[in-house]
Amino acid sequence: MDSSDAEAPTHSERKDDTAPSTSNISGQGVDGPTSKKVSLKRNSGEPTKAKTKKQKKARVSRSAQLGYTVHQGEDMLLVISSATSHYDGSVWTPQKKGSKKKRLTKGKLKAKQIKKKKTVRSKPKPANNPVTKTEEDAAPFVPQKAVDHRWGQSLPEEVLINIFQMVVVQDGAVPFLCRVGRVCRLWNAAASSPVLWRKVTVGHCWIAPGKTQLPKTEKKIKDTFNWLAQNRFSQLRDFSLCHWTKNVHYAVEVLSQFCPHLRSLALSYCTGLTVRAFQSLGLHSRSLQSINLQYSEFQVEGLLEYLENHGSQIRQIWFTHGLKHDRLLTAITRGCCPDLELLEVNTRLDSKDCELSVCIQALQMACPKLKTFRMLNVRPLHKTMRNGGESTSGFPLLEELCIATTSYSYMTDKDLWDILFGSTRLRVLDLRGCSRITPSGLATLPCLELECLFWGQYFSSNVGMSSPKKGLHMVTQKWSQTLQQLDIANQLFTEEDLEIAMSYLAQATEADTLRSLNLSGTRITPPALRSVIGQMTALSYLNLSSCRYLPRGVKRIYRGQEDIRQLLDKLE
């Protein structure tokens, strides 16, 4: 008996030791109300109250978050609905974390907590109808995920090639085709079509012009250009290189080796074209017909050697006037390019030395097939042949002659006749800056179907100081049926002469071909202007700036037929 009585308090003490931990979790003791009293006495009651308050707050917060969300209706009002699936995970996430801590207690308490959690989770199940409503509201975004931008992969390759061709014609092959080739395999196959790579222009893609290139950058440029030539340029026809100060010779050599169909080569503002590059063109590029070297530096000896050996295949040549480049024109007049059809020699506008000696008779005999002859901002000095031979046919196929300059010109009526005495097919005549040319000299030309006549005086110190001219009506009377563009800016013809000249243009009512008329700085009067505007219904460009005999509100540039018709109403 004594031993049992002695063991009783120890057993009760053990029960009292476990009571506080279990009562803090479940809210009631294991051995009834007596165990609660003992635990309250030992723990002084304060921590248990704080814990019970925290438990009540947690339960309240769970019940408040359970199944309530706020939506915005079509009537711009806030609508409170029951819980949705969007917030189920976010509501019960902290409960899972708390339950893991509570699972460290006894098994009976764990079973009670699991049952309570199940009952709590089962409450939002009947409120699933508003979930479907919110999903229906988000329905327009579902097709975007389903489509996944696969329309480009389902198009036929021929359709993509046609689309790419439109962009290439407008913006060029590089870098457009290089970028779209990275989209997918189908786009890469379409972008690698040789049809799209027949005309390519490459600028300073890796580094700005004038800056130095690192060895790694230079190697990258060479490798990329070599890969393009081997994998994309198999059907290349026309190639242009702009603003390259290095690796120009390398690019030309690679093109000549891997592009057997190359017909046109243009180098603009490039430097470093060597003799070796011209030799490579002669060995491999047997289809080359056009060479454009405007504003570029190259070794003249290499080009001269190339023209002497392969000049018979060249049809078009562009180059810039310079002290060393003048030998090219001498070589052409000697007959190294017998089938030449286009010859252009130009110089910069700010260039001071613009005089160039040309033997027109020798050029006519050496290039009888010439169709376009341009000398832009260059003052030609005519030379005579030493042997006394002269061309009897001139330029019979010439269609365009341009001797425009921004400074003083030595061109006279006799010089113009020596060039065009056999050019019956002339369509375009550009004499801007040639102040010594007279209307009578133009009227004697053999061409009867001239379409464009540019005879304006620009940047000339003699403008406004010379005496009035006469005879413009001879020009308009001769080509009134064929003229499409007429430019007589700053030509000091009299008011009477302009009125007669405009009347001849107005009489060509059957043809009605005039599209552009530049009368800037002339003495045109409202009656003369009214006659030509009223008859030329196809006129879409009219320049009346700085016309001293017109009202102030009329002196401007008119574009479009509607704008010109409004001018006609003002003149009436």
Is a side-chain donor or acceptor of [X] paired with a backbone partner of [Y] at a separation under 3.5 angstrom?
X	Y	answer
Ser193	Leu196	no
Asn247	Lys222	no
Trp197	Asn231	no
Ser296	Leu267	yes
Gln289	Arg315	no
Ser503	Ile500	yes
Thr513	Leu483	yes
Gln313	Leu288	yes
Ser287	Arg263	no
Thr320	Gln294	no

(message) Applying ring pair (Phe, Tyr, Trp, His ring centres under 6.0 Å), can you list everything that pairs with Tyr549, at least two apart in sequence or on another chain?
(response) none
(request) State the CG-CD distance between Leu342 and Gln316, to the nearest 0.5 angstrom. (result) 5.0 Å
(request) Kindly assign one of parallel, tilted or perpendicular to the pair Phe164 and Phe176, based on the angle between their ring planes and the thresholds 30° and 60°. (result) perpendicular
(message) Below 30° counts as parallel, above 60° as perpendicular, anything between as tilted: where do the rings of Phe298 and Phe278 land?
(response) perpendicular
(request) Would you kindly say whether Ser545 and Ser520 are connected by a side-chain donor-acceptor distance under 3.5 Å? (result) yes
(message) Testing Asn490, Leu492, Ile488 one by one against Gln457 for a side-chain contact (heavy atoms from CB on, under 4.5 Å), which residue passes?
(response) Asn490
(message) Between the side chains of Glu341 and Lys369, is the shortest nitrogen-to-carboxylate-oxygen separation below 4.0 Å, so that they form an ion pair?
(response) no
(request) For the pair Lys371 and Glu400, find out whether any cationic side-chain nitrogen is under 4.0 Å from an anionic carboxylate oxygen. (result) no
If we only count heavy atoms from C-beta on, is the [X] to [Y] side-chain gap below 4.5 Å?
X	Y	answer
Leu273	Leu293	yes
Phe454	Cys402	no
Val554	Leu567	yes

(request) Look at atom CZ of Arg425 and say whether more than 12 heavy atoms of other residues, nucleotides or ligands are closer to it than 6.0 Å. (result) no
(request) Go through the steps to decide whether Leu542 and Asp563 satisfy the test side chain to side chain contact (heavy atoms under 4.5 Å, CB included), and finish with yes or no. (result) CA-CA 10 Å; Leu542 180 62; Asp563 197 9; over 6 Å; no
